[in-house]
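Written out below as structure tokens is the structure these notes cover.
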Amino acid sequence: MPRYQLPSVADLIELGRQHQHAITVYAQTAPGADHRENNLLTVKSAVDRALRTVRESGASRAVETQLRQHWDRIAGSDLWGNLSRSLAIFIADDVHEVYVLPNALETQLQVGQYFDIGQLVRAVTTPQEAYALTLSADGWNLWHATASSRAEEMTLGGEYAADAAEATNRATIRGRGQLGRLVGDEGKKTLLETYAKRVADAVDSELGQADPDRAQDLFLFATDPLLDLYRNLDHKRRVVAVPGAPDELRPDQIDDAIRKALPKINAERVNSRLEEIGDAVSRGLVASDIADIARAAVAGAVSTLVYNFTVDVLGLMNDATGEVDYTPEGYDLLSRIAVTVLDKGGRVVAVRNDEISAGIWNGTAIAKLRFALS
């Protein structure tokens, strides 16, 4: 029942349909047996509040019982022993879905006729993948974190030097040797340069197969001089330095460092993209009004949509024409438009307002169009 991968566009479309009663719960969780009971109680408390809201809205006892049964199936499942950082739970009279995600979602509870899929769209459309290198004189390891799994050590396909001593064919590089050998303080940096070069070549070989387009960042966990030496060697992908001794880092600490840094990195990329979109205003290829964006989305005219997923604009959208009717009884229009853009092959970026500094940004939504609307 629980899903450990992000939803597809088809899943998002299905989650976006109307229900008699729809309960949305986003909860931050902590993995590990020690946190199992607390995770369950936290989510149970939210669901209980939601069910009280359903009852107070005048729903029949049969409907409340049906919703409670869906929750009981979730509560009684084995997912509580295999959690990550967040849960997204959707419960309605005719369906229930659970997503277990490694990125930190904001705690949220909503009851209405539509699920609030804004945070899920954010998770789907915001890059949450990166590689990491832990590097010290005593050894190195490559790690991979994805949108659906926490950082895990990669299995290497080639044979490489395990540490600095092996990379430089010496028993040690720490002590001062005899007979003028290059193992003293004056030669240690030269040996570390050789080691860093060997590691950089190995990383290039491994990631060249795993990520040939160099689309993902490489987080480098190391201390100087290796930190600086490696950064000066790897110019093929973006290297994000994380200073500090790497040898004792646990996988969850590596993953946490990556997740905390990615929002800022992604925001920088979005601001750059928005500045590029701004250059298309004079050609009539930018839309900033929600009604115009909705019409363009349905027509398949939106190539890139950047929208504020924390803003609630309620209404209904005609799936055939894109015509918008603003009404408090509707759903989150921006999320529905975003899913439509994805369904038509466009790119979507869900942002928070404080992440954006580009001059073209209006606080709600900006769309780059493939062609001008008539």
Side-chain angles (χ1 to χ4, degrees), residues 1-17 22 24-29 83-90 95-108 110 114-130 144-151 211 213 215-217 255 258-259 261-267 269-270 273-274 293-294 297-298 300 302-313 317 319 331-353 355-356 364-368:
M1 177 184 63
R3 302 195 188 192
Y4 292 88
Q5 69 281 335
L6 290 173
S8 65
V9 173
D11 293 330
L12 291 174
I13 293 173
E14 180 65 18
L15 285 170
R17 68 185 179 88
T24 304
V25 177
Y26 292 99
Q28 295 186 7
T29 56
L83 292 178
S84 190
R85 295 182 71 186
S86 298
L87 277 178
I89 298 177
F90 305 95
V95 68
H96 63 279
E97 295 284 358
V98 182
Y99 291 88
V100 182
L101 302 172
N103 46 315
L105 303 181
E106 296 179 3
T107 299
Q108 181 184 345
Q110 177 179 296
Y114 297 89
F115 295 131
D116 188 333
I117 62 172
Q119 291 201 65
L120 205 57
V121 174
R122 160 85 164 190
V124 169
T125 60
T126 302
Q128 289 291 330
E129 182 176 6
H144 187 201
T146 73
S148 58
S149 63
R150 294 170 70 88
D211 181 28
D213 295 330
Q216 310 307 329
D217 297 323
D255 189 86
I258 293 172
R259 307 289 173 185
L262 280 176
K264 181 179 179 181
I265 293 171
N266 289 331
R269 288 178 171 149
V270 175
R273 181 178 293 271
L274 279 170
I293 296 174
V298 168
V302 177
S303 65
T304 301
L305 170 68
V306 180
Y307 83 101
N308 185 351
F309 80 99
T310 69
V311 171
D312 288 328
V313 181
M317 182 179 75
D319 292 334
Y331 42 72
D332 177 13
L333 274 174
L334 291 174
S335 291
R336 174 59 67 90
I337 292 170
V339 172
T340 301
V341 171
L342 290 171
D343 191 38
K344 299 289 186 178
R347 174 180 170 79
V348 171
V349 185
V351 301
R352 293 183 176 88
N353 198 49
E355 296 172 338
I356 306 303
T364 305
I366 297 291
K368 169 71 179 299

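Throughout, residue positions are numbered sequentially from 1 according to the sequence presented.
- Atom-to-atom distance recorded for Glu14:CD and Phe115:CZ is 9.5 Å, nearest 0.5 angstrom.
- Contact detail for Ala297 and Ile337: the closest heavy-atom pair is CB-CG2, 4.0 Å.
- Between the side chain of Arg347 and the backbone N or O of Thr304 there is no donor-acceptor pair closer than 3.5 Å.
- Rounding to the nearest 0.5 Å gives a distance of 8.5 Å between OG1 of Thr126 and CZ of Arg352.
- In plain terms, the two heavy atoms of Leu262 and Pro127 that are nearest each other are CD1-O, 4.2 Å.
- With Asp343 contributing its side chain and Thr340 its backbone, the two residues share no donor-acceptor pair below 3.5 Å.
- The line from CE of Met317 to CG of Asp332 is 11.0 Å long, rounded to the nearest 0.5 Å.
- Looking at every heavy atom in both residues, Arg259 comes nearest to Ser149 through NH2-O, 2.9 Å.
- Note on Glu106 versus Arg122: no salt bridge recorded, every NZ/NE/NH1/NH2 to OD/OE distance being 4.0 Å or above.
- Here the straight-line distance linking atom CG of Leu6 with atom CG of Asp11 works out to 10.0 Å at 0.5 Å rounding.
- Arg3 contributes atom CZ, which lies 11.5 Å from atom CG of Leu101 (distance to the nearest 0.5 angstrom).
- By the 4.5 Å heavy-atom criterion applied to side chains, Phe309 and Thr125 are not counted as neighbours.
- Taking each heavy atom of Ile117 and Phe90 in turn, the nearest pair found is CG2-CE2, 4.4 Å.
- Taking CD1 of Ile356 as the reference point, atom CG of Asn308 lies at 8.5 Å (rounded to 0.5 Å).
- Taking the salt bridge (Lys or Arg N to Asp or Glu O under 4.0 Å) definition, one finds that Asp116 meets it with nothing, sequence neighbours left out.
- Side-chain atoms of Tyr307 do not come within 3.5 Å of backbone N or O of Ala367 as any donor-acceptor pair.
- Ala151 meets the side chain to side chain contact (heavy atoms under 4.5 Å, CB included) test with Ala145, Ile254, Asp255; sequence neighbours excluded.
- Checking side-chain atoms of Thr29 against main-chain N and O of Leu83 turns up no donor-acceptor pair under 3.5 Å.
- Applying the salt bridge (Lys or Arg N to Asp or Glu O under 4.0 Å) criterion to Asp319, with sequence neighbours excluded, gives Arg336.
- Contact of the Gln110 side chain with the Tyr26 side chain is not registered, since no non-hydrogen atoms from C-beta on lie closer than 4.5 Å.
- Of all heavy-atom pairs spanning Asn103 and Gln128, the tightest one is CB-OE1, 3.7 Å.
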Between Gln216 and His144, does the side-chain contact (heavy atoms from CB on, under 4.5 Å) criterion hold? Intermediate values first, please.
CA-CA 10 Å; Gln216 310 307 329; His144 187 201; 5.7 Å; no
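- Proximity of Val100 to Leu87: side-chain heavy atoms (C-beta onward) are separated by under 4.5 Å at one or more points.
- In this structure, the side chains of Ile13 and Leu342 stay at 4.5 Å or more apart for every pair of heavy atoms.
- Here the closest non-hydrogen pair linking Tyr99 and Glu97 is CE1-CB, 4.2 Å.
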